[in-house]
Structures are given as structure tokens and as C-alpha cells.
Amino acid sequence: MTVRVRIAPSPTGYLHVGTARTALYNFLFARKNNGKFILRIEDTDVERSSKEMTDIIIESLKWLKLEYDEGPFFQSDYFSHYIDHIPELEKTGGIYRCFCTHEELEERKNKVIEQKKAWKYDRKCLNLSKEEIEKNLQEKKPYVWRVFIPEGKTYFDDLIHGRIEKDNSEIEDFIIVRSDNTPVYNFAVVIDDYRMEITHVIRGDDHISNTFKQIHIYRLLGVKPPEFAHLPLILDENKAKLSKRSGTVSVLAFRDMGVLPEAFVNFIALIGWSPGDNREILTIDEMIELFSFDRVAKKGGVFDYKKLEWMNSKYITNSSDEKLYELVKPFYKEYGIDIEKFDKEKVLKIIFSVKEKARYLKDFPYLTEFFFNDIKEYDKKGVEKHFVEEKLKHLKVLKEELKNLDDFSEHEIERVFKNYVEKTGIKGGDIIHPTRVALSGRTEGPSLFLMMEILGKDEVLKRLTKVLESDILKI
RNA sequence: GUCUCCAUCGUCCAGUGGUUAGGACACAGCUCUUUCAAGGCUGCGACACGGGUUCAACUCCCGUUGGAGACGCCA
């Protein structure tokens, strides 16, 4: 039997980090087993669902490169299919009409809660006589369909947790069809998973309590339930379920701050799963190769932004300059720099010069701004510390030596500096720091000699002259 | 409150009866060096508690405590 799994987000918000990881594990499991990975949009809540959100989900999945084999399917396209199963379910005697109104329910519920007891539907409509039902129907009283839960125990063997069991007395006669004749989630899921021949339901463990209910629907349908794998949740720093309140949870927000999709996928894969050894950096193919449910943790894991940052910086340094060039382009644009207007070879060198320092793609423009624009202001502390008479006088001499340098390359420049230091006996820093501030306005940045090579002889001399002849000295 | 799930460094993972309990992030320090959010090295730091089972428990069982999740005509 071919493995068929699905990711079933509801388009009521952005694609959540947790949903992304669930999608990833589904994807890995499908690829590992040569199965199919299917996208199904759970939009039975018509009021809260929207087209825009659906597009965002698809875009997010695309960005993560979690390509689905089938879909997207929309539950709203199948409303009638779900309801079609009602007569057959009714025949089993396992479901019944409930005419209780919200108000009645609320009232009875409050009474029970006042007594500090757990509320469960009290089955008021379970034993309605045929006549009463007919009468209600005649009066066009709205009703919902509920599933009758018999005595006994409900259990399933979870691929991650092992057997999970619950006494049926803890499960209420839940609703599967609303009074407006639309299916409620638990019902739609079962019908869809059945209809789509889903073999493995891989989802967050916040669905465990739903699973018990769904098993009863399968029972009434006379269908064997799929395998279940309930993933531990992703937590925030307070160890609560990661939610909008916790901070950034939208997958696209990570893209927009310059996280590489490969880094993101690698990072979330490792929350709740391990390749079996101490590897941290893995390609998607390695993950597919190594994926298995017995390497999935039972315990929820905290989303550690610092580690994501570290991992992203690793991926950035390991990316080629050419690839980075394309990735970084929009971030420069947003910063007001059109890198395409500059010599590409030069830009590639610029990217190379800082890629080990960047944590996010969005760091690049700031880190390299002085290559593209004139220096607007010099770091105050740097000026105080390095633009002092005795250091600048060396700078003046050095400038002349640089002027005579024909091969303005990193190594030749370095040689000039080394020679000068040797000749005069001053410390390297005494000349290097002032130069850096003069050329970039900053006290930190890429390797100085490489920076000078990239800037080019003319620009270097120009910037040095500007400092040496300006009134910065008189501060 | 009821039910369910869970429990190794601050965090993410290894460890499946006998280990000096391992790696990574973070943190601290040292170092390299021309700076740095980079590199290198070192350090700090955990088996929640109590009972069993066993020659032997971080590992198995039970309980306690703690945490989380679910308790919608939401998904």
C-alpha cells in the first residue's frame, strides 16, 4: 500500500511555524516511503477562511520547498459529500438528531459547572420518540447530528506515543453536523482522510483528544482508521504552545527577515527529531534518508531564536557569493541600494567580505553600506580614538605610498602596511584602525585590506584625503 | 476542575540496565588577529522527587510533584 499523508492547514491565519514543521515531517515521511504528500485546505469554517490566507499558505510551502504531490483540495468544495454519509450513519443507529438550542445548552452547562462537575452533553435528545422528532422536523426546528458514544474504552496505537486510551465515559456525544447542515471539523477530516485514502495522519499532539472522537466516526463508517503519529508541540520561551502572542510565528516573516529556507527547515526539523547522531547541519535529502518516528521526541520543544540565528549564519557563510547575490538583492533594494547598478564582480566581492558576519540576509545592506555610498558620518568613538595627530601623520605618509602602488590588491596593500610598520616600529593597529575609520566610518567591518581592494585605489585615496584635509581633526 | 500527554545541562537533541552522562545553541573566559556580530580553544552546566524490580538503574514498573494540551454548532 502506498503511503499517503496530508498537511491540512486551515486558512484562518498565516502558515504557522508549528504547521510548517508538521508539514515537513509529513513531507519527510512521504518521501522516505515513496509516498504522496497532499495539501488539503480545511476551510469548513467559511466565515473565518479567506482566499488570501490560502495563497499565503501555498506561498509559504513553496518557499520552504515542501512540494506537495496532490492538491490543494478544499473542504468547502465537498460540503455535500460529507452530508451524503449521514443516511448511512443514521442507519447504524450511531448518530442522532439533537434539537437543543445554544441557550438551553448554555443554561444546563452552567448548572453543571456551578456544581464543579465536568460538563458533557446530557443526551437530552438521545431518546426522543419518533413522534417528537417528526413534530420537531415539521416545525422546522433546527437540529444538529450527534454521535452516540457507547460504553467501553477507545484506544489507538500512536506511532510516537504507543497506545493511548480513554474511557468512553470521558467522551461526549459530539456534534458532526451543524444546524446549518455543514460538517464540523472532526467529521470532515474523517471523511476526507477516508476518501483520499490517507494512510498516516501526522499532526500535532493537540489533536489527541480529537482522535478519540474520530475513531468513533471510523467505527460507524465501518472503516479501519489510518495510522496516527502525534507530534510534540513547538513551545515558546514560557514553554507554552507557540502562538501569535509568543512573537514571530508566521513562516513568511522569517523569509522577510532574511532567513534561508534551508536553514529554517533544518532548524525546525531538529525541534522534536534527531538524525540519530550529533549532526546539526543536514540537507533535506539527508533528513529524508534518516527520518523515522522512533527518532521523534515525545516532549515539546522550545523554539530557540538564537539557535535559528546561528544556523542561518552557517547557511549564509556556506552559500556561494553568486547565490547570495540573488537572495540579497531585494534586501538592498529595500534599503535604498540597487546593487544591479554596480559592477557585479565588485558586488560579489563585497558580499564575500561580510558573509561570515551576517546572521540574516537583511544584515548585508547595513554591513556593506559604505561600499556603495559616501560616508555620512564617522563613528564618534572611532574618531576620538584614532583620528589623533600622531596617528594621522603616519596615515599621511602611508597615503603617499599607496599612491605609488600599481597593483592595488589585498596582498600588495597588506605588504605596504607591513613594511611601513616594520620601518617605523609603530604598532599595526596604530595605522590600521585609523585607516578603517577613514575608509568606512566605522570601527568594525570586513578584513581591511580586502576592503581596500574592493574600494579601489581612487576611492581609497579620495577617502583618506577627505579625512586628512577635513576639519574632523579639529573636533 | 476533568481527561490525556510529557519529564536528561538555561535551550535543542544523544544516551534504551553497567558511560568520567555526549554534542549543538546560549553564556563566561582565553586565544588569533587589523576590527567585528567571525575563527580556534577552554570552562560553566542536567538525569524533578519517592518507592519498588534487579547483582546493578538516567534507563523498567508504581506513585508524587511539576509542566503542557484538549475539553466549541473553531480548525
Side-chain angles (χ1 to χ4, degrees), chain A residues 8-13 42-45 47-49 75 98 100-102 105 113 115-120 142-146 158 160-161 164-167 169-172 174-186 188-189 204-212 230 232-233 235 237-241 267 270-281 294-295 297-311 313 317 354-359 363 367 382 414 417 421 427-433 435-437 440 442-451:
Chain A
S10 64
T12 53
E42 312 246 307
D43 57 350
T44 46
D45 183 356
E47 286 189 10
R48 292 201 298 154
S49 302
Q75 285 190 323
C98 170
C100 296
T101 63
H102 284 99
L105 250 20
I113 290 173
Q115 294 171 54
K116 297 216 166 181
K117 283 184 186 161
W119 159 261
K120 211 177 68 172
Y143 64 88
V144 299
W145 283 101
R146 284 184 188 271
D158 191 271
I160 292 167
H161 296 273
I164 302 180
E165 189 178 70
K166 184 177 251 192
D167 196 280
S169 63
E170 299 293 341
I171 307 171
E172 82 168 341
F174 61 101
I175 294 168
I176 55 171
V177 178
R178 301 186 185 98
S179 47
D180 64 0
N181 212 35
T182 57
V184 54
Y185 170 74
N186 276 126
V189 178
D205 68 18
D206 49 344
H207 279 286
I208 288 177
S209 53
N210 283 324
T211 308
F212 296 109
H230 287 96
L233 265 18
L235 278 19
E237 1 342 49
N238 302 316
K239 301 228 176 191
K241 185 174 164 180
F267 173 68
L270 262 24
I271 306 177
W273 174 77
S274 121
D277 51 28
N278 285 328
R279 255 182 288 183
E280 299 284 341
I281 306 288
D294 42 54
R295 302 221 62 87
K298 294 189 178 84
K299 188 176 61 158
V302 174
F303 189 93
D304 183 353
Y305 291 85
K306 280 278 175 55
K307 188 156 183 178
L308 202 215
E309 202 168 274
W310 165 80
M311 192 165 281
S313 69
T317 45
V354 295
K355 72 175 181 183
E356 277 194 356
K357 300 175 201 301
R359 291 202 183 295
D363 295 340
L367 251 19
E414 182 169 6
F417 272 72
V421 166
K427 279 189 291 184
D430 287 341
I431 191 67
I432 281 160
H433 294 304
T435 309
R436 176 184 296 286
V437 179
S440 69
R442 303 185 190 171
T443 54
E444 88 295 326
S447 161
L448 180 67
F449 308 123
L450 174 60
M451 196 171 111

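Numbered from 1 within each chain, the chains take letters A, B, ... in sequence-line order.
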Strand partner of [N], provided both Watson-Crick or wobble distances fall under 3.5 Å:
N: B/G69; result: B/C3
N: B/U54; result: none
N: B/C49; result: B/G63
N: B/A24; result: B/U11
N: B/C32; result: none

To the side chain of [X], which of [options] is closest?
X: A/Val184; options: B/C6, B/A75, B/C36; result: B/A75
X: A/Asn278; options: B/G72, B/A38, B/G22; result: B/G22
X: A/Glu444; options: B/G69, B/C36, B/C73; result: B/C36
X: A/Ser447; options: B/C13, B/U34, B/A75; result: B/U34
X: A/Ile208; options: B/G23, B/U4, B/U34; result: B/U4
X: A/Ser209; options: B/A70, B/C6, B/U34; result: B/A70
X: A/Ala297; options: B/U4, B/C12, B/C13; result: B/C13
X: A/Arg436; options: B/U11, B/A75, B/U35; result: B/U35
X: A/Lys307; options: B/A14, B/U35, B/A24; result: B/A24
X: A/His433; options: B/U8, B/C5, B/U34; result: B/U34

For [X], report the nucleic acid contact type (base, sugar-phosphate, nothing); a contact means any heavy atom under 4.0 Å.
X: A/Leu235; answer: nothing
X: A/Pro232; answer: nothing
X: A/Gly272; answer: sugar-phosphate
X: A/Glu356; answer: sugar-phosphate
X: A/Phe174; answer: nothing
X: A/Leu308; answer: nothing
X: A/Lys357; answer: base
X: A/Val302; answer: sugar-phosphate
X: A/Gly445; answer: base

Practice problem: Could you state the atom-to-atom distance from CG of A/Leu270 to P of B/C12 in whole Å? | Solution: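 For the pair A/Leu270 CG and B/C12 P, the rounded distance is 12 Å.
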Atom [atom1], compared across [N] and [M]: separation rounded to whole Å:
N: B/C13; M: B/G69; atom1: C1'; answer: 22 Å
N: B/C41; M: B/G17; atom1: C1'; answer: 36 Å
N: B/U4; M: B/G10; atom1: C1'; answer: 28 Å
N: B/G72; M: B/A56; atom1: P; answer: 49 Å
N: B/G43; M: B/A26; atom1: C1'; answer: 14 Å
N: B/U11; M: B/G1; atom1: C1'; answer: 32 Å
N: B/C30; M: B/G50; atom1: P; answer: 40 Å
N: B/C25; M: B/G66; atom1: P; answer: 35 Å

Can you tell me if [X] uses its side chain to pair, donor with acceptor, with the backbone of [Y] under 3.5 Å?
X: A/Arg436; Y: A/Pro446; answer: yes
X: A/Lys166; Y: A/Ser209; answer: no
X: A/Asp277; Y: A/Arg279; answer: yes
X: A/His161; Y: A/His230; answer: yes

Quiz item: Taking C-beta and beyond as the side chain, do A/Phe449 and A/Thr435 meet within less than 4.5 Å on heavy atoms?
Solution: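 Answer no - side chains too far apart.
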Exercise. Compare the aromatic ring of A/His102 with the six-membered base ring of B/C73 and state whether they stack according to the 5.5 Å and 30° rule.
Key: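 Taking the rule of under 5.5 Å and under 30°, the ring of A/His102 does stack on B/C73.
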Quiz prompt | side-chain contact (heavy atoms from CB on, under 4.5 Å) between A/Val184 and A/Phe174, worked out | solution = CA-CA 10 Å; A/Val184 54; A/Phe174 61 101; over 6 Å; no
Quiz item: Between A/Phe267 and A/Phe303, how do the two ring planes meet: parallel, tilted or perpendicular, split at 30° and 60°?
Solution: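 Answer is perpendicular, since the angle exceeds 60°.
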Practice problem: Considering just the side-chain nitrogens and oxygens of A/Arg295, establish if one lies under 4.0 Å of OP1 or OP2 belonging to B/G15. | Solution: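 So the side-chain polar atoms of A/Arg295 do come within 4.0 Å of the phosphate oxygens OP1 or OP2 of B/G15, strictly under.
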Practice problem: Would you please confirm or rule out a distance under 4.0 Å between OP1 or OP2 of B/A70 and any side-chain N or O of A/His207? | Solution: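 So the side-chain polar atoms of A/His207 never come under 4.0 Å of the phosphate oxygens OP1 or OP2 of B/A70.
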Quiz item: Above 12 or not: heavy atoms from other molecules or residues under 6.0 Å from NZ of A/Lys298?
Solution: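 It does not: A/Lys298 NZ has 12 such atoms or fewer within range.
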Quiz item: Where each residue is assigned the nucleotide of RNA chain B containing its nearest heavy atom, which of A/Glu165 and A/Pro275 is assigned the position nearer the 5′ end?
Solution: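 Checking each residue's closest nucleotide, the 5'-ward one belongs to A/Glu165.
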